[in-house]
Amino acid sequence: MAYDPFSVERKWQKAWEEAGLGKAEPDPGKPKFFLHFAYPGPSGFFHVGHMRGYTYSDVIARIKRMQGYNVLFPVGIHATGNPAVGFATKVKKKDPVMLEYLKENGVSEQDIQKLETPEGVVDFFAEEYPREWKSFGIIADYGRLTCTIWPDYQKFIEWQFKKLNELGLLVQKPYYATFCVRCGPVAVDPSETDISKGGNARKEEYVALKFKLEDSDEYLVAVTLRPETVYGQTNLWIDPEGEYSRVRVGSEVWVVCKQAAEKLTYQKDDVEILGDVDPKDLLGKKAIAPGIHKPIPILPAHFIDLEVGTGVVTSVPSDAPDDYIGLRDLWENPSELEKYGIDPEEVKKIKVIPIIKTPGYSDTPAKDVVEELSVKNQFDREKLEEAKKIVYSKGFHTGVMNENCGKYAGMPVNKAKELVKQELIESGEADTFWDLSEEVVCRCGSRVVIKKVDDQWFIKYSDPEWKEKSKAHARSMRILPPEYYESMPQVIDWYDDRACTRMGTWLGTKLPFDQKWIIEPISDSTLYPVMYVLSKYTNAGKLKPEHMTEELLDYLLLGKGSPEGHGIPKELAEEIRREFEYWYPVDLNIGGKEHKTVHFPVYVMNHVAVLKPEHWPKGIFVHWWITGKGGKISKSKGGASTSIPVITKRRSVDALRLYYCHSASPFVDSEFDEGTVEQYEEHLQKFYSLATELYSKAGEEEKEIDKWLESRVSKRIADSKESLEEYNFKRVLDQVFFGSMQDLAWYQKRGGNNKQAVKRALEKVLRALCPFVPHVCEEIWHEIGNTSLLSAESWPEVTQVDEKAIAAEEMVQNLASDIREIIRLVGKKPARIVLFVAPEWKRIALEKARELSPKEVIKGLMQLPEVREKGKEGVKYAQFLVKHMKELPDTVLSRDEEKSALESASEYLSKEFDAEVLVQLAEESDNPKAGNAVPMKPAVFLE
RNA sequence: GCGGGAGUUGCCUAGCCAGGUCAUGGCGCAGGGCUUAGGACCCUGUGGGUUAGUCCCGUCGAGGGUUCAAAUCCCUCCUCCCGCACCA
């Protein structure tokens with residue numbers, strides 16, 4: 001009978017829910033296990049990538065549950081931040097890709113309307129996500145669902161920030177934020193929720209070099225990321241077609257491009273735009289270069305990007321391809337200079353000043369690379385970009401400052417950079433300037449700039465004492481994979497203060513003591529497993545947001561103060577406190593690799609800061625991604641075909657779960673391949689039919705092989721124990737799923753036919769397999785006559801394993817393959833197969849050899865009378881043993897046991913090879929092949 | 001740059017931390033079985049050689065080294081991927 005996963009899966013999901021298997025209540029009599037995954041934000045339907053981690057979580061939860069733990073496995077929604085806002089905006093704008101996506105996932109017209117507001121999006125997915133989890137067979141405590149923008153959660157976040165503040169871990173200081181000149185703060189990130197252009201822009205801190213004009217007190221200001229190259233400056237570049245402004249910055253007057261002038265007003269304190277400057281009036285004049293204190297000429301160039309920087313560029317032709325090519329263009333085409341009344345002869349006199357010695361290049365690498373790539377002129381942008389990359393990375397990493405660099409001569413470039421920067425700023429010859437690496441435009445169409453915010457709130461992750469405590473705790477945690485365990489202390493070290501609030505429009509909790517700020521999404525998701533204890537009470541209406549005062553939460557979470565006087569019954573407060581102490585700490589937090597430097601470090605640190613040591617987390621499990629073709633799965637790249645509501649209509653959930661657990665290690669990225677899922681589906685079909693048919697057709701007949709079956713599957717389960725503890729699901733499944741399937745097939749092939757034996761073996765396998773592919777296991781469990789829910793049953797007990805029976809069957813299997821090999825080589829079908837059982841003395845020798853080191857074997861064996869009396873034959877066998885030391889069988893049967901095992905297998909062999917099978921003792925035959933017999937590997941003679 | 005990950009046989013993947021019994025499993029391909037046929041399924045093979053099986057040679061990005069023994073440990077190099085913060 002064929003197995004229909006779709007109806008079966010729904011049936012059992014319903015049964016599990018009705019039985020309340022996921023509902024977690026404290027039970028002091030049972031050990032507890034608290035695990036959760038990094039909760040998702042409402043950015044769309046789940047796709048096959050999300051479900052990887054959720055499946056692992058469920059597998060672990062199920063295993064722990066079956067192993068007798070009281071498991072708390074709750075779920076939540078991370079609604080804070082941009083995603084819901086961005087989602088709603090697209091729906092409201094009737095973005096065609098979005099509407100198509102919603103339709104493909106089966107959203108009704110009516111529901112689409114609800115998705116036009118961020119709150120609507122959150123509400124929708126707060127219902128949708130649990131549905132999708134359930135459709136994947138995930139047994140969680142859905143009654144504890146929490147959401148980061150619900151009032152109870154917000155109360156909890158307020159509490160957390162009050163605690164951080166009390167501990168002195170919140171600080172205010174200036175910050176350079178991305179800012180739309182019209183709408184205020186915006187997020188610049190690849191999702192481009194707030195912006196319409198420039199999602200990949202990076203915020204960079206430049207050094208602004210000040211060049212005093214020779215004939216005035218004003219400064220031309222150029223920005224650079226390579227301040228150490230000031231020693232090679234030969235001239236300044238400005239764009240003759242650009243618009244420039246005079247700007248008063250404090251007591252100085254700067255000349256920069258118009259765009260930069262505006263930017264300055266946002267990031268410097270005392271700035272005033274004074275008026276326009278015609279660049280043509282500046283061309284040909286000279287200005288004093290900082291660092292080298294020499295006048296250099298101002299020349300025209302056409303490669304300047306006025307959107308980035310100040311529109312003024314200092315020229316270092318030795319190490320900047322743009323600058324070199326700019327000069328070369330002027331040398332070759334003096335008419336450009338005459339246009340602006342500049343004497344070409346003056347420009348011809350400019351000499352490139354070598355400043356950096358880079359291995360593999362001359363002292364003017366820019367020239368080398370420009371010529372190597374044969375860059376035509378300054379408009380050859382593509383090649384120039386490449387040249388820039390080569391020169392910069394080589395120069396920066398391997399270069400050394402040369403004798404033209406004053407006191408920095410001999411210093412590696414990467415070291416000189418910081419020192420030169422400091423010196424220039426301290427002497428007042430330079431300043432800092434923040435800019436975005438490319439143009440960024442807000443959704444409203446206005447420009448996005450960097451604005452200095454004076455009172456930005458930070459979480460002080462730089463605090464050394466906090467770091468040390470966190471690192472020490474991280475070392476005591478169980479963190480998988482091991483490489484991440486090793487790097488966690490480094491990651492914590494690398495962590496700097498994190499801006500934890502923002503202004504502007506997105507979802508989140510207001511900072512309790514400074515209401516103009518909204519707490520940022522990563523920062524409100526650090527201590528949140530606590531909410532999974534409280535949400536049981538808030539969702540039931542027993543604990544209301546207004547009860548969740550600082551004092552009550554202090555009592556519940558820190559044990560401070562009294563259970564009384566909080567507006568809820570004392571008994572309830574005590575109950576919640578007890579429940580918190582029961583479940584906490586978190587045993588395992590599961591998340592994707594993107595959280596290695598995002599969520600997990602702050603998760604550890606916030607627990608360490610706020611909660612008592614006995615409540616600090618114990619484990620982290622990081623898994624890698626399921627990727628689409630050529631990278632991350634996204635909605636725009638045909639994401640709908642891999643979204644969960646769609647794919648579960650087509651593929652069985654167990655097959656997908658098996659795919660996650662078996663196709664690759666959790667610790668590598670894996671490209672999603674539906675064909676492979678289909679294969680797994682077929683394996684499951686096969687498993688189902690093999691198991692059910694074997695059971696339904698079996699009779700009462702008892703055979704040797706019955707004992708073998710139960711032993712064999714028990715051994716598999718026992719052998720996979722270690723892999724299970726390491727969450728190496730692939731290895732577990734190799735044994736328990738694929739291995740057991742082979743065993744069942746072998747049992748059938750060998751004529752096994754006993755209902756009770758099949759049932760006993762199957763039950764063991766199903767118990768061990770249920771966490772991975774629960775639906776099909778549950779179905780078979782009932783088909784073989786059980787009425788309980790398998791998912792609520794216990795992990796299989798491993799009965800004693802009959803090693804001899806296992807060894808005997810392995811011998812038969814190997815023998816069959818040997819016979820096959822010989823037939824292949826001979827090329828003809830035998831009528832008769834004679835098997836010779838190795839004599840007892842070879843067994844004695846083998847056991848003895850096992851105890852000896854390879855060098856002693858021959859000598860040691862020849863001391864045995866049983867071997868010595870065999871003469872040459874004995875030596876030959878001893879040599880054989882030496883050679884095969886590593887592959888000797890673990891279990892060796894006696895001669896008679898082996899003979900009887902072969903005899904009982906002769907019926908099978910005879911059928912398999914369509915030949916008469918005869919078993920003889922080697923010593924009783926004078927057939928020349930008989931001498932080849934070794935224990936557990938009979939000699940074979942075909943005729 | 002800083003931090004992290006990875007290069008395996010036609011393809012995907014396992015093995016690497018704890019060196020030897022081992023290049024694993026799947027896909028694809030080939031042969032056979034079953035079938036009216038096709039598919040599915042089952043068996044066998046799939047680097048090369050091989051005298052009837054325990055054999056020989058080759059192979060885990062490249063090159064060195066350690067070792068009786070290296071995909072695995074060490075060094076150098078090459079290539080690819082990811083994150084770098086108010087973004088989940």
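Residue numbers begin at 1 in each chain, while the letters A, B, ... track the order of the sequences.
Judged by Watson-Crick or G-U wobble contacts below 3.5 Å, the nucleotide U46(B) has G28(B) as its partner. Partner assigned to U36(B) is none, using Watson-Crick or G-U wobble distances below 3.5 angstrom. The base-pairing partner of A23(B), taking Watson-Crick or G-U wobble contacts with both distances under 3.5 Å, does not exist among the strands shown. Across the strands present, A62(B) finds its partner in U76(B); the criterion is a Watson-Crick or G-U wobble pair with both atom distances under 3.5 angstrom. With both pairing distances under 3.5 Å, C84(B) is matched to G1(B) as a Watson-Crick or G-U wobble pair.
Counting non-hydrogen atoms under 4.0 angstrom, Thr80(A) reaches the backbone sugars and phosphates but no base. The residue Ala939(A) sits close to a base: some heavy atom pair falls under 4.0 Å. No engagement by His595(A) is indicated, since no non-hydrogen atom pair under 4.0 Å with the nucleic acid exists. As judged by a 4.0 angstrom heavy-atom cut-off over every strand, Thr676(A) is placed among residues making no nucleic acid contact. If you check every strand for non-hydrogen atoms under 4.0 Å, Pro938(A) touches a base. Nucleic acid contact for Lys593(A): none, since no nucleic acid atom lies under 4.0 Å from a heavy atom of the residue. Residue Val602(A) is out of contact with every strand shown, counting any heavy-atom pair closer than 4.0 Å. Note on Trp457(A): nothing from the nucleic acid sits closer than 4.0 angstrom, heavy atoms only. Tyr495(A) comes within 4.0 angstrom of a base, heavy atoms only.
Only the P atoms considered, G58(B) is 11 Å distant from A71(B), to the nearest whole Å. Separating the P atom of U46(B) from that of G10(B) is a span of 15 Å, rounded to the nearest Å. Comparing the same atom, C1', in C27(B) and in G45(B) gives a spacing of 16 Å after rounding to whole Å. Of the P atoms belonging to A85(B) and G28(B), the separation is 45 Å, rounded to the nearest Å. With both ends at atom C1', the span from C73(B) to G20(B) equals 14 Å, rounded to whole Å. Across the C1' atoms, U72(B) and A23(B) are found 11 Å apart, a figure rounded to whole Å. Across C74(B) and C2(B), the matching C1' atoms stand 25 Å from one another, rounded to whole Å. The same atom, P, is picked in C84(B) and in A40(B); the two are 45 Å apart, to the nearest Å.
Closest to the Glu726(A) side chain, of the nucleotides C43(B), A52(B), A18(B), is A18(B). Candidate nucleotides G4(B), C41(B), A52(B) were compared by shortest atom distance to the side chain of Phe941(A), and A52(B) ranks first. Set against C43(B), C27(B), G53(B), the side chain of Leu815(A) has G53(B) as its closest nucleotide. Of the candidate nucleotides A52(B), G53(B), U54(B), G53(B) has the atom nearest to the side chain of Val940(A). Distances from the side chain of Asp496(A) to the nucleotides A85(B), C27(B), U13(B) place A85(B) closest. Proximity note for Ile522(A) (side chain, C-beta onward) versus A88(B), G26(B), U13(B): the nearest is A88(B). Closest to the side chain of Trp625(A), from the set C41(B), A85(B), C82(B), is C82(B). Checked against C43(B), A52(B), A88(B), the side chain of Lys749(A) finds its nearest nucleotide in C43(B). Taking every side-chain heavy atom of Asn932(A) into account, U54(B) is the closest of G15(B), A88(B), U54(B). Taking every side-chain heavy atom of Lys686(A) into account, C41(B) is the closest of C41(B), A88(B), U54(B).
Atom CG of Leu507(A) is separated from atom C1' of A88(B) by 13 Å (rounded to the nearest Å). What separates OH of Tyr659(A) from C1' of C12(B) is a distance of 9 Å, to the nearest Å. Here G53(B) presents its C1' atom at 10 Å from CD1 of Ile819(A), a figure rounded to the nearest Å. Put simply, CG on Leu225(A) is 16 Å from C1' on C2(B), counting in whole angstrom units. Distance, Phe913(A) CZ to U44(B) P: 9 Å, rounded to whole Å. One atom, NE2 of His683(A), and another, C1' of C41(B), lie 13 Å apart when rounded to the nearest Å. Atoms CE (Met811(A)) and P (U54(B)) sit 18 Å apart, rounded to a whole Å. Between the CH2 atom of Trp624(A) and the P atom of C12(B) there is a distance of 20 Å, rounded to whole Å.
Every residue meeting the salt bridge (charged side-chain N to carboxylate O under 4.0 Å, His left out) condition with Asp743(A), not counting sequence neighbours, appears here in chain and number order: Arg716(A).
Residue Lys203(A) places none of its side-chain N or O atoms closer than 4.0 Å to OP1 or OP2 of C84(B). Put simply, Gln490(A) has no side-chain N or O that comes within less than 4.0 Å of OP1 or OP2 on G3(B).
In the displayed structure, Lys510(A) atom NZ is contacted under 6.0 Å by at most 12 heavy atoms of other residues, nucleotides or ligands.
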Hey, mind stepping through Asp497(A) and Lys173(A) against salt bridge (Lys or Arg N to Asp or Glu O under 4.0 Å) and telling me if it holds? CA-CA 10 Å; Asp497(A) 295 347; Lys173(A) 58 183 182 181; 2.7 Å; yes

Let's go through Gln490(A) and Ser487(A) carefully: what are the C-alpha distance in whole Å and the side-chain angles of both, what is the deciding distance for side-chain hydrogen bond (donor to acceptor under 3.5 Å, both in side chains) to 0.1 Å, and is it a yes or a no? CA-CA 5 Å; Gln490(A) 291 175 50; Ser487(A) 65; 6.0 Å; no

Set out, in order, the CA-CA distance, both residues' side-chain angles and the distance that settles ring-ring contact (aromatic ring centres under 6.0 Å, His included) for Trp434(A) and Tyr266(A), then state yes or no. CA-CA 10 Å; Trp434(A) 286 86; Tyr266(A) 293 103; over 10 Å; no

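Remark on RNA chain B: of its neighbouring residues Val491(A) and Asn728(A), the 5'-side contact belongs to Val491(A), judged by nearest-heavy-atom nucleotide. For His662(A) and Lys596(A), each mapped to the nucleotide of RNA chain B holding its nearest heavy atom, the one lying further toward the 5' end belongs to Lys596(A).
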Could you go through nucleotides 48-51 of chain B and list every protein N or O atom that sits under 3.5 Å from one of its N or O atoms, giving the distance for each pair?
none

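Using modelled atom types and a 3.5 Å distance limit, the side chains of Thr509(A) and Tyr153(A) yield no donor-acceptor pair. His599(A) and Asn589(A) share a side-chain donor-acceptor pair at under 3.5 Å. Under the 3.5 Å distance criterion, with hydrogens and angles disregarded, no donor-acceptor pair is assigned to the side chains of Thr891(A) and Glu810(A). A donor and an acceptor atom, one from each side chain of Thr80(A) and Asp524(A), are located under 3.5 Å apart.
A cation-pi arrangement, defined by a distance under 6.0 Å to the six-membered ring centre and an angle within 45 degrees of its axis, is present between Lys842(A) and Tyr877(A). Annotation: cation-pi geometry not satisfied between Arg651(A) and Phe672(A) (NZ/CZ under 6.0 angstrom from ring centroid, within 45° of ring axis).
With Leu507(A) as reference, Pro118(A) is the one residue of Pro118(A), Pro521(A), Pro42(A) to meet the side-chain contact (heavy atoms from CB on, under 4.5 Å) rule.
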